[in-house]
Enquirer: 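Sharing a structure with you now.
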Amino acid sequence: MSASTAVADLEDLQARAVAAIDGATTLDELDEVRVAFTGRKSELADVQKTMGSIAPEDRKVLGKALNAFKTEVEGALDQRRAVLEAAALEARLVDERIDLTVPPAAVPPGRPHLITQTEQAMVDTFVALGWRVADGPEVESAAYCFDAMNIPPDHPARQDMDTIYLQDGRTDEFGLPEVVLRPHTSPVQARVMRTQEPPIAIVIPGRTYRNDTVDATHSPVFTQVEGLVVGEGITMAHLHGSLLAFARAMFGEDREIRLRPSKFEFTEPSAEVDVSWGTNPDGTTRWLEILGSGMVDPVVLSWCGVDPDRFTGFAFGIGVERVAMLRHDLHDIRDLYEGDARFSAVF
Ligand code: PHE
């Protein structure tokens, strides 16, 4: 091949390369053009291969033309690349622009769970009577849960069947190894009586634990609201009046309560309290049990350092889940614990 033919080919190639470079609309496209015109299998490579078959005196001419081609094409590539890079940056800036005026996606507002709402409403009814709120530990000593509450060592409630014992080596404040998840809020009665002089009027909301199998009415974790009033001349009439106020505040001003004899180790006498719930088919009042109560047993007062000859008191414990279920006509305690947002959204 003659040098002039090669140079003519090169000029033609350069014209096509520059046109292709200017026509590239993206950086990827530009790279494809670069490979096609200057890569190892390009027409430029073909021209370079002809170098060998050219007369030595002509090689200088072709070499010059090749250098000119490279300068020209590289210049065009650089220029185009700069334009496309600027365009890509501009596009990205537009694309990623954050519009601070767009309102945020709606986040549904949270609210206290029904158990918390019910617990607060229950506590409020006693705070309205002038009582104070007290609390105590959920990991509690058997001494406070049982001994202070006059529950003897062989009582079934103490056994593993009902009470969850912690066997992690810890001991209570008396150095005793019997540490439990409290099965009721009653130990807080003892904690308060041991540290405060009567008159005492407290309401104790809190979580409690029992080794129960989950079903529609049982949960191993549940919630109680405990009440304790200790003073001179406190009688069962005060218990009745307080719980009547509670029942009316929670279930309706038309409600009545009824006390039925019962038994707890820590109260004497003890009473289960029913609330009126409409009428039976035969016209008699229908009653539903809502809590356990009684006059604080003198043995409990003594254990706690309160003089039983001078002071008397009453106490009660109410299941919060049961009150929530009665107030909202729920039939499965599991609904309160499964955390389904659709359930919670109703209340
Ligand atoms: N602690 C009792 C229970 O959990 C309830 C109760 C409290 C009864 C106070 C009487 C007085 O079943």
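Remember, it's 1-based here, ligands and their atoms both numbered in the order they're listed.
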Enquirer: When clusters are formed from ILVMFWY side-chain contacts under 4.5 Å, directly or step by step, what else is grouped with I98?
Expert: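 Listed partners: L100.
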Enquirer: Given the side-chain rings of H184 and F266, with only the six-membered ring counted for Trp, is the space between their centroids under 6.0 Å?
Expert: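 Yes, the ring of H184 comes within the 6.0 Å limit of the ring of F266, centre to centre.
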Enquirer: Can V214 be reached from L114 by stepping across I, L, V, M, F, W or Y side chains whose heavy atoms are under 4.5 Å apart?
Expert: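 The answer is no; the residues belong to distinct hydrophobic clusters.
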Enquirer: Regarding D282 and T284, is there a side-chain donor-to-acceptor distance under 3.5 Å anywhere?
Expert: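 D282 vs T284: donor-acceptor pair found between side chains.
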Enquirer: Pairs of nitrogen or oxygen atoms, one from ligand 1 and one from the protein, closer than 3.5 Å: please tabulate them with distances.
Expert:
from, atom 1, to, atom 2, distance (Å)
ligand 1, 1 (N), H184, ND1, 3.0
ligand 1, 1 (N), S186, OG, 3.0
ligand 1, 4 (O), R210, NH2, 3.0
ligand 1, 4 (O), Q224, NE2, 2.9

Enquirer: Hey, are S141 and E178 close enough side-chain-wise for a donor-acceptor pair under 3.5 Å?
Expert: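 The criterion, which ignores hydrogens and geometry beyond distance, is not satisfied for S141 and E178.
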Enquirer: Indicate whether any N or O donor in one side chain lies under 3.5 Å from an N or O acceptor in the other, for E272 and S262.
Expert: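 Side-chain D/A pair, E272 to S262: present.
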